[in-house]
Amino acid sequence: MDDRQVLDEAATRDVLTGTAFTHDGHRLVATYETGDFLGAVRLLDRVAEVAEVMQHHPDVRLGYGRITFELWSHDVGGVTPRDLRLAERIEELAAY
Ligand SMILES: C[C@H](O)[C@H](O)[C@H]1CNC2=NC(N)=NC(=O)C2=N1
């Protein structure tokens, strides 16, 4: 799949079904409840390691007991297969 291809909501539905992520028309967005602040920080720390390896980085909103990830490809200006792959990895990390 072309990594610069913009994926609309229909194109991401199958992969995102059963995950915390939704496609809001512009970005893939997911919020995870972590119970406390440190849990959110630790999830972000694990995601940051993966993002560095992938060279693809989420926008993040961190709060007490919750963290929101927004995924989109800045270079293309939309959701691409790179965002879908990062969403799958974040889902795996959030399960621990
Ligand atoms: C050179 C490097 O691959 C780019 O600057 C990457 C870094 N991380 C990135 N992350 C995201 N989300 N979008 C990008 O376009 C992007 N570009």
Side-chain angles (χ1 to χ4, degrees):
M1 196 183 274
D2 177 2
D3 272 353
R4 295 181 61 84
Q5 177 192 357
V6 174
L7 304 176
D8 64 12
E9 292 169 69
T12 62
R13 191 165 297 132
D14 284 354
V15 174
L16 297 184
T17 296
T19 76
F21 279 92
T22 58
H23 190 319
D24 73 358
H26 304 283
R27 302 168 186 212
L28 304 183
V29 182
T31 296
Y32 297 96
E33 307 287 338
T34 59
D36 60 17
F37 189 71
L38 265 185
V41 170
R42 288 178 177 135
L43 176 56
L44 175 56
D45 192 48
R46 298 198 298 275
V47 169
E49 297 287 347
V50 167
E52 280 296 289
V53 171
M54 295 178 75
Q55 275 303 296
H56 200 62
H57 303 86
D59 292 355
V60 178
R61 182 177 173 85
L62 188 66
Y64 179 79
R66 65 195 338 246
I67 184 165
T68 299
F69 296 97
E70 296 187 359
L71 312 184
W72 61 297
S73 297
H74 310 161
D75 54 349
V76 173
V79 173
T80 68
R82 286 176 284 157
D83 299 296
L84 268 187
R85 290 197 293 272
L86 182 55
E88 290 178 296
R89 293 291 288 115
I90 291 173
E91 270 288 303
E92 290 170 8
L93 293 171
Y96 287 94

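Along the sequence shown, residues are numbered consecutively beginning with 1. First listed ligand is number 1; within each ligand, the first listed atom is number 1.
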Measuring from each atom of ligand 1, which residues have a heavy atom under 4.0 Å away? Q55, H56, H57, W72, S73, H74, D75
Let me know which of D83, D59, D24 forms a side chain to side chain donor-acceptor pair (under 3.5 Å) with W72. D59
I need the D3 CG to H56 NE2 distance, nearest 0.5 Å. 9.0 Å
Do the charged groups of R89 and E92 touch, with an N to O distance under 4.0 Å? yes
What's the verdict on side chain to side chain contact (heavy atoms under 4.5 Å, CB included) for F21 and L71, showing C-alpha distance, side-chain angles and the deciding distance? CA-CA 10 Å; F21 279 92; L71 312 184; 3.7 Å; yes
So which atom in G63 and which in A40 form the shortest heavy-atom distance, rounded to 0.1 Å? O-CB, 4.0 Å
Transitive ILVMFWY side-chain link V15 to V76, under 4.5 Å: no
